[in-house]
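See below for the structure under consideration.
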Protein chains: 2
Amino acid sequence: MTTLKDISKHLGLSVTQVSRALNGYSDVNEKTKKRVQDAAAELGYSANLSARSLVTGKSGLVTLIRAGDLTGPADASNLETISGLSKEFYQRGKQFVLHMLPPGVDPLPAYRQAAASGSFDGFVLIDTRQNDERVALLSKYDVPFVVHGRAEVDPSHAFFDIDNMAVIKQHVAHLAKLGHKRFAMLNGPTGFAYSEYRMMGYRAALEEAGLAFNAAAVIHGPMTEPHGMIATARLFEDHAKRPTALICGNVHLAKGAYTALDAMNLSIPEDVSVSAHDDVLHNLRASAFYPSLTVTRSAFSDSWVKLAETLCDMIDGKQDVPHQVVENSEFIARASTAAPKL
Amino acid sequence: MTTLKDISKHLGLSVTQVSRALNGYSDVNEKTKKRVQDAAAELGYSANLSARSLVTGKSGLVTLIRAGDLTGPADASNLETISGLSKEFYQRGKQFVLHMLPPGVDPLPAYRQAAASGSFDGFVLIDTRQNDERVALLSKYDVPFVVHGRAEVDPSHAFFDIDNMAVIKQHVAHLAKLGHKRFAMLNGPTGFAYSEYRMMGYRAALEEAGLAFNAAAVIHGPMTEPHGMIATARLFEDHAKRPTALICGNVHLAKGAYTALDAMNLSIPEDVSVSAHDDVLHNLRASAFYPSLTVTRSAFSDSWVKLAETLCDMIDGKQDVPHQVVENSEFIARASTAAPKL
DNA sequence: AGCATTTTCCGAAACGTTTCGGATTTATAC
DNA sequence: GTATAAATCCGAAACGTTTCGGAAAATGCT
């Protein structure tokens with residue numbers, strides 16, 4: 001393993017200058033800078049991270065800790081999460097440590113230990129619930145962390161989120177303008193901040209449109225295709241009270257809804273208008289639906305970029321950058337929504 | 001962050017003794033050992049991993065480096081790979097660092113840099129090709145690594161693999177015994193060691209059964225359901241030369257084969273016997289096929305346990321444990337194979 | 001008591017990097 | 001040519017841990 005000393009001996013320079021040359025300091029001659037870089041490349045030098053960590057106090061490690069029950073239908077997005085984060089951190093020079101716990105294990109002790117050891121520069125929190133205890137824990141240890149979504153309604157922590165209230169408002173407004181009066185929504189599971197935000201947006205938008213809110217027409221549950229199918233079937237059970245507009249939390253739910261509606265001989269958009277929020281996952285494209293699906297769109301993958309960027313900024317002590325980012329979603333009207341039949 | 005020095009001052013001991021006490025050395029009095037441990041707990045001490053790494057030369061980090069084009073149909077197994085490895089290493093006290101490269105990027109430079117930096121105690125290699133350059137690279141740097149599958153026909157590196165020759169031999173033997181004479185096989189992509197091993201097993205088993213090998217009846221390609229469908233359709237195009245037995249590289253291929261055969265009005269097992277190798281992935285269960293699928297079975301998840309175990313043994317310098325493990329697969333005859341029609 | 005052993009402890013060096021303060025060289029101005 | 005400023009370099013200390021070699025204290029043996 002080549003060290004700075006090796007390079008310094010090889011070039012007749014001091015270790016100091018070699019270090020400064022490689023780290024791009026301004027007080028080293030451009031010529032020697034190049035010489036050093038060439039020598040480093042030639043000797044295959046790569047900095048020893050432990051040594052660097054020791055003196056800088058930063059380990060260069062960030063981590064994601066999760067319970068390992070990732071074998072469900074959300075597989076694909078989980079893989080995108082993990083690989084997306086890894087990729088982003090890698091490009092920013094951080095090592096991404098993945099801690100997958102055995103299924104069903106409470107992750108909190110693992111978080112506590114990781115935080116106490118001080119071995120990690122930062123944490124990424126995903127799948128956060130409202131008032132998530134992990135937020136309190138990491139705050140106590142005063143270690144940087146960034147949250148996907150928001151853990152509270154008015155959080156003090158760094159986060160990246162989409163404007164979930166606005167998302168649903170766009171759907172309702174679009175459908176109300178088309179003339180719909182009987183709405184239904186397939187929301188995510190209760191307890192997650194995004195579900196609550198969407199619920200708030202739903203109620204507010206209905207009120208704004210002068211429509212009554214019907215609690216029975218909102219079903220909370222996992223955002224999967226099977227659940228979308230089952231829940232849709234339940235929503236349309238009672239012929240008398242059938243909604244004419246169905247808003248789905250994501251495209252998987254919408255996919256299930258399509259199947260269920262088809263099975264019930266209801267056509268889209270003639271009998272029912274369907275719209276959804278589209279996270280732009282690779283394995284299910286909203287534009288490939290038939291009829292093509294009206295959506296609000298915010299690429300899931302944007303999150304990783306922002307989350308990584310924010311966390312790195314926090315670690316590097318940049319104060320002037322915003323640590324709370326709310327992204328807006330684009331509304332795309334397609335063929336799955338139309339005016340209701342009279 | 002409390003350090004050894006803090007504890008030593010607090011107790012009036014030397015840093016040396018505190019270190020040795022915490023690491024359970026025998027040359028420290030039991031009484032002081034307890035005193036030190038209590039003080040450590042009281043002060044919330046947790047060893048600085050960077051400092052330890054620097055002197056021991058072991059970082060406690062193991063890594064998996066991959067090109068990030070994981071958005072294809074193999075998603076689920078990739079997630080199982082990653083989460084499985086992470087879990088196993090975590091339980092063995094190693095930090096699992098995931099390096100996901102942007103899609104299409106040559107991973108070799110990343111491997112070189114990671115190996116040269118000496119920051120990692122070990123590497124896990126998956127999706128290895130025959131004579132994989134990564135094996136040569138890591139061998140050169142003399143850093144421990146373990147391979148899923150084998151990168152050469154008679155490798156010198158540590159690996160965990162299933163006996164792919166025997167796998168196919170079991171299929172052929174079973175089907176030949178039932179009376180089949182016209183075989184076909186959907187194999188994995190060329191260039192991968194397991195595909196080659198399976199090919200060897202296929203040829204050897206046919207010869208053993210006194211049957212001729214027909215090159216046109218073997219199709220190499222991605223082990224996905226769509227490819228299984230397309231390849232099967234092609235194999236059964238020519239009515240005159242239709243095989244009566246089809247061996248599939250995995251259950252996804254088999255799934256595609258089922259669909260294609262159904263579309264061609266060929267029934268299983270009356271017209272065609274189908275069997276496959278089953279990696280026991282969570283998202284597609286062989287026993288849930290209709291008719292239920294005859295398989296050789298080796299749980300993919302066993303690999304992570306063995307790979308992690310082996311790599312940790314190598315890192316800790318255990319010489320007496322076997323570093324090359326070939327697992328046998330269980331053969332399970334089910335309803336998808338039967339004697340051919342006369 | 002004197003000596004040998006064992007037990008228990010400690011000082012100092014080392015790991016590879018960054019960084020502080022200052023030293024040396026080179027360029028600029030008069 | 002000299003004084004001053006700028007550019008370029010370097011020695012030494014520090015980060016927190018482990019470990020080598022040996023020292024001190026306790027114990028055992030005659």
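Every chain is numbered from 1 and lettered A, B, ... according to where its sequence line falls, protein lines coming before strand lines. Everything numeric here is computed off the predicted structure, so don't read it as measured data.
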Any residue meeting side-chain contact (heavy atoms from CB on, under 4.5 Å) with [X], in chain and number order, not counting sequence neighbours:
X: A:Asp154; result: none
X: B:Ala151; result: B:Thr128, B:Asp132, B:Val135, B:His157
X: A:Ser19; result: A:Leu4, A:Asn23

_Residues forming a ring-ring contact (aromatic ring centres under 6.0 Å, His included) with B:Phe192, sequence neighbours excluded_ =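 Expected list: B:Tyr194.
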*Not counting sequence neighbours, which residues clear ring-ring contact (aromatic ring centres under 6.0 Å, His included) with B:His323? List them please.*
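Once residues adjacent in sequence are excluded, B:His323 has no partner under the ring-ring contact (aromatic ring centres under 6.0 Å, His included) criterion.
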*Hey, could you give me each pair passing side-chain hydrogen bond (donor to acceptor under 3.5 Å, both in side chains) that has a residue in residues 136-149 of chain A? Not counting sequence neighbours.*
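Counting only pairs at least two positions apart or across chains, the side-chain hydrogen bond (donor to acceptor under 3.5 Å, both in side chains) contacts touching residues 136-149 of chain A are A:His148-A:Ser303.
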*Which pairs with one or both residues in residues 38-53 of chain B pass side-chain hydrogen bond (donor to acceptor under 3.5 Å, both in side chains), sequence neighbours excluded?*
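Every candidate side-chain hydrogen bond (donor to acceptor under 3.5 Å, both in side chains) pair involving residues 38-53 of chain B fails, so no pair, neighbours aside, qualifies.
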*asked:* On the nucleotide D:dT19, are OP1 or OP2 found under 4.0 Å from the side-chain N or O atoms that B:Tyr25 carries?
replied: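 Answer is yes, contact under 4.0 Å.
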*C:dT8 C1' sits how many Å from B:Lys31 NZ, rounded?*
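So the two atoms are 12 Å apart, to the nearest Å.
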*Quick one: CE on B:Met314 to CG on B:Leu311, what's the gap to the nearest 0.5 Å?*
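It is 6.5 Å, given to the nearest 0.5 Å.
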*What pairs with B:Asp121 under salt bridge (Lys or Arg N to Asp or Glu O under 4.0 Å), at least two apart in sequence or on another chain?*
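Not a single residue meets the salt bridge (Lys or Arg N to Asp or Glu O under 4.0 Å) criterion with B:Asp121.
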*For A:Asp316, which residues count as a salt bridge (Lys or Arg N to Asp or Glu O under 4.0 Å) partner, sequence neighbours excluded?*
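A:Asp316: salt bridge (Lys or Arg N to Asp or Glu O under 4.0 Å) contacts with A:Lys94.
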*Looking at five pairs on each end of the helix from C:dA1-D:dT30 to C:dC30-D:dG1, what is the angle between the two axes, given to 10 degrees?*
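So the angle between the two local helix axes works out to 40°.
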_Nucleotide-resolved protein contact map, nucleotides 9-16 of chain C, B/S/- at heavy-atom distance under 4.0 Å_ = BBBB--BB
Nucleotide N/O to protein N/O under 3.5 Å, stretch nucleotides 23-28 of chain C:
none

